[in-house]
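Structure, as structure tokens:
Residue numbers begin at 1 in each chain, while the letters A, B, ... track the order of the sequences.
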Number of protein chains: 2
Amino acid sequence: MTIPASAAGGAGGRRSAPTVKDIARAANVSPMTVSRVLSGGNNVRPQVREHVERVIAEVGYRRNENARRLRQGNRSGLVGVLITNIGNPYYAGMLQGVEEVVAKTGRRIMVGVTNEDEQLERQLLSDFLGRQVEGLIVVPVGEDPDRFSIESLAGVPLVLASRSIAGTSADAVLLDDVRGALEATERMLAEGHRRVGFLGNQVSVSTGRRRLEGFRLAHRRLGLEPPDELIRLGQQDVTSAEQAMDSLLDLADPPTAVFAANNRNTVGAIRAISKRRTAARARHGVVPTVRLFGFDSFEFADMSPVPLSIVDHDPTELGRIAAQMLFDRLSGEDTRPGPRLIELPVHLVDFA
Amino acid sequence: MTIPASAAGGAGGRRSAPTVKDIARAANVSPMTVSRVLSGGNNVRPQVREHVERVIAEVGYRRNENARRLRQGNRSGLVGVLITNIGNPYYAGMLQGVEEVVAKTGRRIMVGVTNEDEQLERQLLSDFLGRQVEGLIVVPVGEDPDRFSIESLAGVPLVLASRSIAGTSADAVLLDDVRGALEATERMLAEGHRRVGFLGNQVSVSTGRRRLEGFRLAHRRLGLEPPDELIRLGQQDVTSAEQAMDSLLDLADPPTAVFAANNRNTVGAIRAISKRRTAARARHGVVPTVRLFGFDSFEFADMSPVPLSIVDHDPTELGRIAAQMLFDRLSGEDTRPGPRLIELPVHLVDFA
DNA sequence: CTGTTAGCGCCTTCAG
DNA sequence: CTGAAGGCGCTAACAG
């Protein structure tokens, strides 16, 4: 898997890049003078400075930021971002927000995809720390808080995004999952639905757990208990969500309403419902109606073929805030000893 | 904008990380022995090795990859990826494919967003090169090939993705834009449409130019010439695409069919058409029908409220191939002097 | 204003 | 098997 360094692409081949020494030699000055010119040219005679600049331009010299940063206290200018899946537009949006804020500080993001694999996340964390990231923004996988302890992170600040882990001292930006799920479910119950289905993540994922909690809470407030047969957990993608929704609709006594606890499940539910509608229309049967409520928006939510309400919020904003929290720590502006927790509000939106 | 290094986040504060020297001292061996242990422990007495490993674990030492790579010939293990917008699911998909392949080689991706700004792209390129990326994958902005010359890239291999630039010697993975647009347009013309609209990118973007070319070509083959008033260029996002579609529909003699040359324009067109349908239904007017053909798929294409066909392909696969081409150069497997160009096929899909 | 010295953290080289 | 010397590319710190 290792690939030789020597080879270079295309025509030309890459010879070892020029260094300050090369420039110094070519310009008949000391490396230090070159370094000074590179850093703005203070304390360099204008004439010398111009000469060095010309040589730099001619040779096409570019300073090695890594070597520079090594000497300067080892700040890499990198922020590590770990997400579970770029294909989910939710995380893509989050990534966009993170990049936006990180880029403003002149830093860059290194992106890793954990694919919901805790082992892989561990490796990536270790790799990122070895590459001297200045900070980390992570959508965590699994429940073990150990890997996020200050010791294992060597003091590198961390912000958990969207999901939290019990027992960490890390900062986190979350959504008001419980309230969102609670209000959505209350709405459906108030509309008279008494068999409400639930499609969500594993309870080992904090968002899955919290949204299920809100769902249950809404029922209990009315003295109800949602039956287990209406609850489907662990669907990570649209296909499995669609299957889960199918299984709900195949029940002898199917739900009249469904709460889909994230956008993958909402999309899958919409697909399952549409499919049945089309089939029913084809054989002139009864077109089934299911009241659908989702969590997380997506591009076509407002044009869904199935009437839909959404517990909405902006993942890009969540990404921005996560990055901002990180820089508050990095800059020393935020010095509180304990973790800082932000819960973003959500709001309900109806799409006829 | 610069942020002090000393400050560290959270409880504890970050003291300067332990180095091989620290471990060596604590284990009563030379730094070299520690280094050997870190590299697998060859030529180290098992007993010493174990002892050093224990110390490493206790102290929580982690080796500084950047320093290591500096000594070892300056291979950073980083691939720079520049895309115009993560919010576009098309590019998010591409990024996913790139990450997947890059991760398999043990490298990481550094991601920059150019936001269709050529100046910003230049800065990011320079920044990435300074950080010693081993290769670059870029969705280019603008038409100037200069910034991609071998000299300005210092021999770092580059693969252009999705879009090309005339006059570069860089490798590229593109789509068969011309054929896709040609076949789509031919279909609509064969269906009898004679006023076909076009929504696309600026012609300064290669995809915009090539897709428009295919559109024109289809007309000319029938001895037709598409009227300028039906062509709208430069929409970068859904909102402006929707406005452009509105303007087409507002024409005295509106198009009966429209070709949307990328997914942002397709989505915008769908929105514009739906909006009018809803309005027409409300006042019991005539529900307008427009034959719509898009380029690039998107999640809800098959559930579009407007009948739709798509010139389809897989952006994730495009990302994978781009990364593979890069590694073919890096590994020296691909040594051809000139650029390598891959055009991926597209296929037409109909969604009732 | 300019150069010299030294060292960031690590590893290649060579000598034991 | 182990260590000492030296240097990757760059720049603080100090001397002139």
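For B:Arg62 and C:dC10, the CZ to C1' distance is 17 Å, given to the nearest whole Å. Rounded to a whole Å, the CG atom of B:Asn64 is 14 Å from the C1' atom of D:dG9. Atom CZ of B:Arg25 and atom P of D:dA4 are 13 Å apart (whole Å). Rounded to an integer number of Å, the gap from CD of A:Gln132 to C1' of C:dG9 is 9 Å. We find that CE of B:Met32 is positioned 16 Å from P of C:dA15, with the value rounded to whole Å. Between A:Glu50 atom CD and C:dC1 atom P there is a gap of 14 Å when expressed in whole angstrom units. Remark: P of D:dG9 and OH of A:Tyr61 are 10 Å apart, rounded to the nearest angstrom. In this structure, the CD1 atom of A:Ile23 is 16 Å from the C1' atom of D:dT11, given to the nearest Å.
Taking a cutoff of 4.0 Å between a charged side-chain nitrogen and a carboxylate oxygen, A:Arg340 and A:Asp171 do not qualify as a salt bridge. Remark: B:Arg122 engages B:Glu118 in a salt bridge, criterion side-chain N to carboxylate O under 4.0 Å.
The shortest distance between the side-chain N/O atoms of B:Gln72 and the OP1/OP2 oxygens of C:dC10 is not below 4.0 Å. The shortest distance between the side-chain N/O atoms of B:Arg45 and the OP1/OP2 oxygens of D:dT2 is below 4.0 Å. Close to D:dC8, at under 4.0 Å from its OP1 or OP2, lies a side-chain N or O of A:Lys21. The side chain of A:Thr33 places an N or O atom within less than 4.0 Å of a non-bridging phosphate oxygen (OP1 or OP2) of C:dG3. Under 4.0 angstrom from either OP1 or OP2 of C:dC11 there lies at least one side-chain N or O belonging to B:Arg68. The side chain of B:Arg71 places no N or O atom within less than 4.0 Å of a non-bridging phosphate oxygen (OP1 or OP2) of C:dC8. Taking 4.0 angstrom as the limit, B:Thr19 places none of its side-chain polar atoms (N or O) nearer than this to OP1 or OP2 of C:dG9.
Taking 3.5 Å as the limit, the base of D:dG3 and the side chain of B:Arg36 contain a donor-acceptor pair of atoms between them.
With hydrogens and angles disregarded, no donor-acceptor distance shorter than 3.5 Å links the side chain of B:Arg49 to the backbone of B:Asn42. Judged purely by atom type and a 3.5 angstrom limit, A:Ser76 uses its side chain to pair as donor or acceptor with the backbone of A:Gln132. Distance alone, capped at 3.5 Å, places no donor-acceptor pair between the B:Arg320 side chain and the B:Gly97 backbone.
Ranked by how close their nearest DNA chain D nucleotide is to the 5' end, B:Leu70 and B:Asn28 are led by B:Asn28. Residue whose closest nucleotide on DNA chain D sits further toward the 5' end, between B:Ala67 and B:Asn42: B:Asn42.
Across all strands shown, A:Asn43 has heavy atoms under 4.0 Å from base atoms, whether or not it also approaches the sugar-phosphate.
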